[in-house]
Colleague: 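What follows is a structure written as structure tokens; I'll ask about it next.
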Amino acid sequence: MLASACAFVLLAQVPDRVPRRLVLTWHGDPATSQAANWRTESPVDRAVGQIAVASPDPKFVSGAVTVQARSESLEVAAGKTASYHTVRFDGLKSDTVYAYRVGDGQVWSEWAHFRTASDQPKPFRFIYVGDAQNDIKSLWSRAIRGAFQEASKARFIIHAGDLVNRANADNEWDEWFYAAGWVNAMVPTVATPGNHEYERNAATNQRQLSRLWQPQFEYPANGAPGIDGETCYWVDFQGVRIVSLNSNVDLAAQTPWLESALKGNPNKWTVVTFHHPVFSVAGDRDNSELRAAWQPVLEKYGVDLVLQGHDHAYGRTKNVMSGSNGRASSQGPVYLVSVSGPKMYTITDPAKKDRMAVTAESTQLYQVVDVAGDRIVYRAFDATGKLFDQFELRKDRRGVKKLVEKRVR
């Protein structure tokens, strides 16, 4: 009892050294590596992670290995500086549950678990959400927590941009981390930036990526040359290649890189995510330049799902789309737009609505995607947990796809 009381006093005395905003990401192969990112409110002399193969016996902690973290200080608000820390756990065993914690050697986070990917194709589940952006703590929290309730065994969460409203607003990022809470410490985040992750520099008049993006997220350095760091990348996970593109900057520079990432893809399935939709659903929006640059490549290499945000409404293309005019073809991608936060737009163009198999306005949503061998099962739920949309993609040994509509009761 005395030891526990002393530990509590220690934490109470040094709150600025307590690890906060702990989030898992990937910097390399998810089967053999994991990254953990966190922040302290003041500099620490030492930042480390500890890791061990998880066991039901709490004595697993005696075998934990300590790994040095990388740290940087950053002014996050006027007169306020925080320290960001990243630890890379490498050389891990595939398909294994690990326990880890982070801290400075005296003040620690709790122990949390993650499972490395299998090095072979194997069924798994992931979550996809569109823009959080506004009223994050107040109203987005119910969507992301509902997603975890529905899919507590999800292996990662794809965020399709506009995680916050103002790129460098530290209080908004604080709400984003608060809303998902400890889920971020156990389920890796796969994030792509939206336009609201950019802010115009008053001195240069150039839009710049949030200065908080790279310190708090660690992603593979395998993206297109010259694109803002850790916004354009790919990872392979149990038979699926996940590709993040940055639809805010230099589309042309990313196009040949996208082609190379897809051409050399050995996986059965491919999921691509970026913020601005190929086929917009809301208002008078139309991203024609993006569509001209990327749609032919996405379709040439048989991408299966394209997960997007930005339009603050829901839209899923009819069947699977192909061609610049949106002709149906069973071998093209399914293009999806969704929103998880409370900011909503209306669908005013009948032609846009006609292009979609399913649409929704004024509806907070989250999506759960199951990948298992020759099929993908996609389900969209509203924020109350009610099933809203679902379909299956099936793919035979020759790679020929079929989309099967599933009834929603």
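Throughout, numbering of the chain's residues begins at 1 and tracks the sequence. Atoms considered below: every heavy atom in the structure, side chains included; atoms not considered: hydrogens, waters and symmetry mates.
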Colleague: Are L22 and F177 close enough that some pair of their side-chain heavy atoms sits under 4.5 Å apart?
Modeller: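 Side chain of L22 against side chain of F177, heavy atoms only: no contact under 4.5 Å found.
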Colleague: Salt-bridge test for D236 and R241: reply yes if a basic N is under 4.0 Å from a carboxylate O, no otherwise.
Modeller: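 Here D236 pairs with R241 in a salt bridge, since their nearest N and O are under 4.0 Å apart.
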Colleague: Per the side chain to side chain contact (heavy atoms under 4.5 Å, CB included) rule, which among Q364, E361, M344 passes with V339?
Modeller: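 That would be M344.
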Colleague: Can you give each donor-acceptor pair under 3.5 Å made by side-chain atoms of residues 212-220, sequence neighbours left out, with the distance rounded to 0.1 Å?
Modeller:
residue: W213; atom: NE1; partner: E230; partner atom: O; Å: 3.0
residue: Q214; atom: NE2; partner: E230; partner atom: OE2; Å: 3.4
residue: E218; atom: OE1; partner: R70; partner atom: NH2; Å: 2.9
residue: E218; atom: OE2; partner: R88; partner atom: NE; Å: 2.8
residue: E218; atom: OE2; partner: R88; partner atom: NH2; Å: 2.7
residue: Y219; atom: OH; partner: T189; partner atom: O; Å: 2.7
residue: Y219; atom: OH; partner: A191; partner atom: N; Å: 3.1

Colleague: Does a side-chain N-to-carboxylate-O contact under 4.0 Å join E41 and R17?
Modeller: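 Salt bridge absent between E41 and R17.
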Colleague: Do S83 and S73 make a side-chain contact, defined as non-hydrogen atoms from C-beta onward lying under 4.5 Å apart?
Modeller: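 Yes, their side chains come closer than 4.5 Å.
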Colleague: Tell me whether the guanidinium CZ or amine NZ of R21 lies under 6.0 angstrom from the six-membered ring centre of W38 and within 45° of its axis.
Modeller: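 That pair does not qualify as a cation-pi contact.
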Colleague: Before we go on, tell me: are the rings of Y98 and F89 under 6.0 Å apart, centre to centre?
Modeller: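 No, they do not, as the ring centres are separated by 6.0 Å or more.
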Colleague: Given D228 and Y198, is the side chain to side chain donor-acceptor pair (under 3.5 Å) satisfied, shown in steps?
Modeller: CA-CA 11 Å; D228 291 329; Y198 278 77; 2.5 Å; yes
Colleague: Return a table of donor-acceptor pairs under 3.5 angstrom between the side chains of residues 251-261 and protein atoms on other chains or two or more places apart.
Modeller:
residue: Q254; atom: OE1; partner: N246; partner atom: N; Å: 2.8
residue: Q254; atom: NE2; partner: N246; partner atom: O; Å: 2.7
residue: Q254; atom: NE2; partner: V249; partner atom: O; Å: 2.7
residue: Q254; atom: NE2; partner: D250; partner atom: O; Å: 3.4
residue: T255; atom: OG1; partner: L251; partner atom: O; Å: 2.9
residue: T255; atom: OG1; partner: W294; partner atom: NE1; Å: 3.2
residue: W257; atom: NE1; partner: N222; partner atom: O; Å: 2.8
residue: E259; atom: OE2; partner: K300; partner atom: NZ; Å: 2.8
residue: E259; atom: OE2; partner: Y301; partner atom: OH; Å: 2.6
residue: S260; atom: OG; partner: W257; partner atom: O; Å: 2.7

Colleague: Could you give all pairs that pass the side chain to side chain donor-acceptor pair (under 3.5 Å) test and reach residues 177-188, with sequence neighbours left out?
Modeller: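 Not a single pair qualifies under side chain to side chain donor-acceptor pair (under 3.5 Å).
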Colleague: Looking at K406 and E392, is any side-chain nitrogen of the basic one under 4.0 Å from a carboxylate oxygen of the acidic one?
Modeller: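 So E392 pairs with K406 through a salt bridge.
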Colleague: So do Y335 and V272 actually touch side chain to side chain, heavy atoms under 4.5 Å?
Modeller: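 Side chain of V272 against side chain of Y335, heavy atoms only: no contact under 4.5 Å found.
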Colleague: Is the closest basic N to carboxylate O distance between E197 and R211 below 4.0 Å?
Modeller: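 Salt bridge absent between E197 and R211.
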